Amino acid sequence: MAVVEAAMRAILAAVEASATVTDEQLSMLNFLFEKNLERALRILDQGGVQRVTSEPSHRTVFQVTGESKGAAPCYLCFPDHYCSCQSFYFDVVAKSEQIYCKHQLAAKLANALHMCKEVTMSDEELAYLLLEC
Amino acid sequence: MPGISIYDLFFSPQQQQQRQKSAGSCSSQHALISGPPNCGKTSLLLQFAYNHAMNKDSIVTFICKQHAFDVKPPFLSQGVQPDSDVFTRITIKYVHDYEELLKYFAAFHVQSELPRAVIIDDFYDLFDERKCHERFGHMRARETAMVKTLALAHDAIIYANESLEPQYECKLLVSDTHTGDGPRLQYIYQRWLHQIFTIRSLDNSRFSVSGGKVLQKGTHDDSRAVYSLVQNTLVLEQFDCH
């Protein structure tokens, strides 16, 4: 797991530096994350990642929209270590079958590619939002 | 940043410098201390709180259930006076259940002053199965609630460490009781608490605490300390560092 995380960090650092993702990088990410990468990229294409920052404290959280058509659910995400979706608990934490869920991947990629929608709210509003995790 | 090591359970950062001991080669500011019932976990937590409140500009938040201290008052270390002004910098925050814990960490950034340490005693006992099921409504409701709480706490501490001056750090220390060889639900704890200290009973009043293995970064701190609870006092008997 540590090796995969290190590889992911290296790839994302390169992506962020160039603000693009090459075919080779996509291929490596696909090798690491398989179907979850495909789902994450779909979320990205739909503009489904939002970074919420509070003022004046600058604490942040990501909101990631699910893939469902129609009224897609919105999940709260700390990309490195948590998502409020059920898949995170069952597949990442309980079964350790995945390192990240698709929402975490989407958030990480959106952050590296500067594709997040930026939202600002007050510190109090963010506190209420975090309770919805 | 140095992170949490066994030294922090017994010595303040200043005392560690005087003894020329590093605060550990580990880099995690998040730790779990797990041990059998009545082994002095709360006393160790209080000593940790005292150590980190010694600096006059440091505050510490100690979170526990109400009346926890009434039922089993913790012991102080030798040389620690109950009327010490250090205790004025330790805020005891009583919570009924995990939902109050969630509110605290969700609003962590709203505080006017960030603590140097947040301590949570008897973490698992804050998660009532029925209440967790009412909120999350599926078979692993308690575990889901624990995951959410630890993640929010982890994020709060990361936020604090990014906000504080570089020479300061914020630490999270959580305690839990186990009846077997190690902490229950370790697969959950270790995801957010990268240091795990395990207490073992040597006899009725003597215990050893060891561990502190960092699971992700590959550094180790396998120090071991032996302490006793005698005449209402926490006494450090032996310290082996590696």
Side-chain angles (χ1 to χ4, degrees), chain A residues 1-9 51-64 73 75-101 103-104 107-108 111 120-133, chain B residues 27-28 30 98-114 132 135-164 170 172 185-194 213-219:
Chain A
M1 182 166 134
V3 171
V4 173
E5 286 178 343
M8 175 74 167
R9 273 197 300 276
R51 176 173 29 224
V52 181
T53 304
S54 68
E55 294 288 348
S57 70
H58 301 295
R59 190 175 181 185
T60 60
V61 69
F62 287 76
Q63 281 185 300
V64 183
Y75 300 104
L76 285 181
C77 195
F78 301 122
D80 284 339
H81 65 91
Y82 175 77
C83 180
S84 59
C85 74
Q86 284 206 7
S87 170
F88 174 78
Y89 173 74
F90 288 105
D91 297 325
V92 177
V93 179
K95 291 191 270 184
S96 293
E97 286 180 357
Q98 293 170 11
I99 305 218
Y100 302 115
C101 70
H103 309 107
Q104 287 175 283
K108 282 177 167 292
N111 187 49
T120 305
M121 58 178 60
S122 70
D123 283 341
E124 290 76 17
E125 286 170 323
L126 183 75
Y128 282 112
L129 182 66
L130 288 172
L131 283 175
E132 294 172 20
C133 270
Chain B
S27 59
S28 177
H30 312 79
Y98 80 96
E99 295 205 345
E100 292 186 19
L101 211 51
L102 283 175
K103 288 175 187 170
Y104 172 73
F105 287 116
F108 195 78
H109 54 288
V110 180
Q111 296 176 98
S112 56
E113 192 178 353
L114 295 174
C132 294
R135 175 153 184 178
F136 295 103
H138 56 71
M139 55 188 281
R140 297 281 190 102
R142 175 187 261 160
E143 287 84 345
T144 302
M146 287 178 67
V147 162
K148 175 175 174 174
T149 308
L150 286 169
L152 208 47
H154 187 91
D155 180 74
I157 302 305
I158 289 175
Y159 164 77
N161 284 311
E162 288 173 353
S163 305
L164 289 168
C170 182
L172 173 68
L185 299 177
Q186 184 169 340
Y187 77 97
I188 291 179
Y189 282 123
Q190 67 189 23
R191 188 163 282 274
W192 289 276
L193 306 174
H194 301 152
K213 189 173 180 177
V214 175
L215 300 168
Q216 291 186 353
K217 297 293 183 187
T219 56

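Just so it is clear, the model here is predicted, and its values are computed rather than measured. Because only heavy atoms are used, hydrogens play no part in the values below, and waters and symmetry mates are left out as well, while side chains stay in. Just so it is clear: chains get the letters A, B, ... in the order the sequence lines come, proteins before strands, and each one is counted from 1.
Taking the six-membered ring where tryptophan is involved, the planes of B:Y187 and A:Y89 are tilted, since the angle between them lies from 30° to 60°. A tilted orientation is assigned to the rings of A:Y82 and A:F78, their planes being inclined by 30° to 60°. Using bins of under 30°, 30° to 60° and over 60° for the plane-to-plane angle, the ring pair A:Y75/A:H103 lands in the tilted bin.
For A:A6, no part lies under 4.5 angstrom from a heavy atom of chain B. B:F105 touches chain A through its backbone: at least one of N, CA, C or O sits under 4.5 Å from a heavy atom, while the side chain does not. In this structure, chain B has a heavy atom under 4.5 Å from the side chain of A:F88, while its backbone stays farther away.
Checked against side chain to side chain contact (heavy atoms under 4.5 Å, CB included), A:T60 has the following partners two or more places apart in sequence or in another chain: A:R51, A:T53.
Note: B:V147 leads B:L102, B:V147, B:L150, B:V110 in heavy-atom pairs under 4.5 Å with chain A. Put simply, of B:E143, B:K103, B:R140, the one with the most heavy-atom pairs under 4.5 Å next to chain A is B:R140.
With hydrogens and angles ignored, the 3.5 Å screen pairs a side-chain donor or acceptor of B:H109 with a backbone N or O of A:D123.
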